[in-house]
Asker: 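Before anything else, here's the structure in question.
Every chain is numbered from 1, with letters handed out A, B, ... down the list of sequences.
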Amino acid sequence: QKEVEQNSGPLSVPEGAIASLNCTYSDRVSQSFFWYRQYSGKSPELIMSIYSNGDKEDGRFTAQLNKASQYVSLLIRDSQPSDSATYLCAVNKDGTASKLTFGTGTRLQVTL
Amino acid sequence: GAVVSQHPSWVICKSGTSVKIECRSLDFQATTMFWYRQFPKQSLMLMATSNEGSKATYEQGVEKDKFLINHASLTLSTLTVTSAHPEDSSFYICSAPRAVETDTQYFGPGTRLTVL
């Protein structure tokens with residue numbers, strides 16, 4: 001079992017729709033969770049971090065964490081073509097961003 | 001915002017040669033930096049943790065004698081791929097957390113290594 005699992009996609013959504021990206025993790029002691037966006041040929045850029053159960057909103061992005069189910073998700077509202085990228089879920093066992101374990105990423109395509 | 005740079009952005013070398021990649025934190029000091037490798041259509045895999053003033057910590061399966069890491073100052077870490085082979089061709093990315101922002105790792109732009 002992989003430590004961090006994501007559906008590779010591609011996930012295709014029309015412009016303006018909500019994109020829902022999911023991630024599960026295997027280690028129950030994980031404490032910090034991150035979503036990164038990676039465009040082809042580029043390095044990852046941080047979208048959101050979340051540490052507590054529940055929802056965390058930042059603009060069009062909402063991260064959701066359920067530690068009991070070992071599940072973290074990212075919702076993108078009003079999806080734009082510029083959101084088309086690979087979204088990486090990353091997990092760490094302590095409360096910081098050090099030594100991240102990444103999922104393989106979900107490729108999102110926002111269509112016109 | 002914090003910026004991490006890498007040099008070179010891409011390099012092509014012959015098999016058997018060594019390649020050095022630099023990672024610099026431009027506006028903050030980084031006692032720790034991380035080196036990742038990413039093969040096509042795969043995720044980032046942590047290779048090693050670079051520690052300023054001490055030896056790097058390598059992840060399981062990463063050859064420390066092949067991937068030499070030197071963290072000589074609070075703003076510079078280098079990764080040297082020694083005796084490179086085609087299977088070492090990959091996208092190498094460094095990152096650094098800023099001490100006051102423990103929940104953020106700043107990634108460099110990456111170095112594309114192609115070994116012929």
Side-chain angles (χ1 to χ4, degrees), chain A residues 1-10 21-27 30-52 56 58 63 65 72 85-109, chain B residues 1-7 9-10 21 23-25 28 30-52 56-60 62 77 89-114:
Chain A
Q1 182 185 11
K2 293 181 181 177
E3 289 189 58
V4 181
E5 295 208 50
Q6 296 179 255
N7 188 319
S8 62
L21 304 162
N22 304 315
C23 171
T24 58
Y25 58 94
S26 62
D27 195 335
S30 300
Q31 294 188 39
S32 49
F33 308 86
F34 305 86
W35 282 100
Y36 285 84
R37 177 174 61 196
Q38 186 177 27
Y39 292 109
S40 181
K42 304 294 185 182
S43 64
E45 54 181 323
L46 180 67
I47 297 175
M48 293 193 69
S49 59
I50 187 167
Y51 303 93
S52 305
K56 180 180 177 182
D58 184 359
L65 175 62
V72 58
T86 296
Y87 288 80
L88 302 170
C89 173
V91 172
N92 194 16
K93 296 178 183 179
D94 62 30
T96 72
S98 61
K99 289 198 69 172
L100 296 175
T101 300
F102 284 86
T104 53
T106 298
R107 189 158 64 92
L108 173 65
Q109 292 178 338
Chain B
V3 177
V4 174
S5 70
Q6 279 184 245
H7 177 80
S9 56
W10 60 270
I21 303 170
C23 177
R24 292 181 186 274
S25 56
F28 66 99
T31 56
T32 302
M33 292 183 175
F34 300 95
W35 286 97
Y36 294 86
R37 179 168 56 181
Q38 186 177 35
F39 292 107
K41 299 194 183 302
Q42 294 187 26
S43 190
L44 279 74
M45 296 297 295
L46 179 65
M47 299 176 65
T49 302
S50 174
N51 304 299
E52 188 271 334
T57 305
Y58 291 82
E59 295 300 303
Q60 189 174 11
V62 178
S77 174
S89 298
S90 188
F91 192 44
Y92 291 85
I93 309 173
C94 71
S95 73
R98 194 159 65 174
V100 295
E101 299 176 58
T102 57
D103 69 341
T104 302
Q105 271 201 44
Y106 293 94
F107 282 85
T111 297
R112 177 77 57 189
L113 171 63
T114 302

Asker: Heavy-atom pairs under 4.5 Å with chain A are the metric here; pick the option from B:Gln6, B:Gln38, B:Arg112 that has the most.
Answerer: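 That would be B:Gln38.
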
Asker: Give, as side chain, backbone, both or neither, the part of B:Glu59 having an atom under 4.5 angstrom from any heavy atom of chain A.
Answerer: side chain

Asker: Is B:Ile93 in contact with chain A via its backbone, its side chain, both, or neither, using a 4.5 Å heavy-atom distance?
Answerer: side chain

Asker: How many angstroms lie between OG1 in A:Thr101 and CG in B:Leu46, if you round to the nearest 0.5 Å?
Answerer: 7.5 Å

Asker: Would you please name every residue forming a ring-ring contact (aromatic ring centres under 6.0 Å, His included) with A:Phe33, sequence neighbours left out?
Answerer: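 Result, ring-ring contact (aromatic ring centres under 6.0 Å, His included) vs A:Phe33: A:Tyr25.
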
Asker: Which pair of non-hydrogen atoms, one from A:Pro44 and one from B:Phe107, has the smallest distance, and what is that distance?
Answerer: O-CB, 3.7 Å

Asker: Roughly how far, to the nearest 0.5 Å, is the CD atom of B:Gln105 from the CG atom of A:Asn92?
Answerer: 8.0 Å

Asker: Over all heavy atoms of both residues, which pair between A:Ser43 and B:Gly110 is shortest? Give the atoms and the distance, please.
Answerer: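 Looking at all heavy atoms of both residues, the shortest contact is CB-N, 4.5 Å.
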
Asker: Is the number of heavy atoms from other residues, nucleotides or ligands within 6.0 Å of CE (B:Met45) greater than 12?
Answerer: no

Asker: Counting heavy-atom pairs under 4.5 Å to chain B, which of A:Gly105, A:Ala90, A:Gly41, A:Ser8 comes out on top?
Answerer: A:Gly41

Asker: Which atoms of A:Gln38 are under 4.5 Å from chain B, going by heavy atoms: the side chain, the backbone, both sets, or neither?
Answerer: side chain

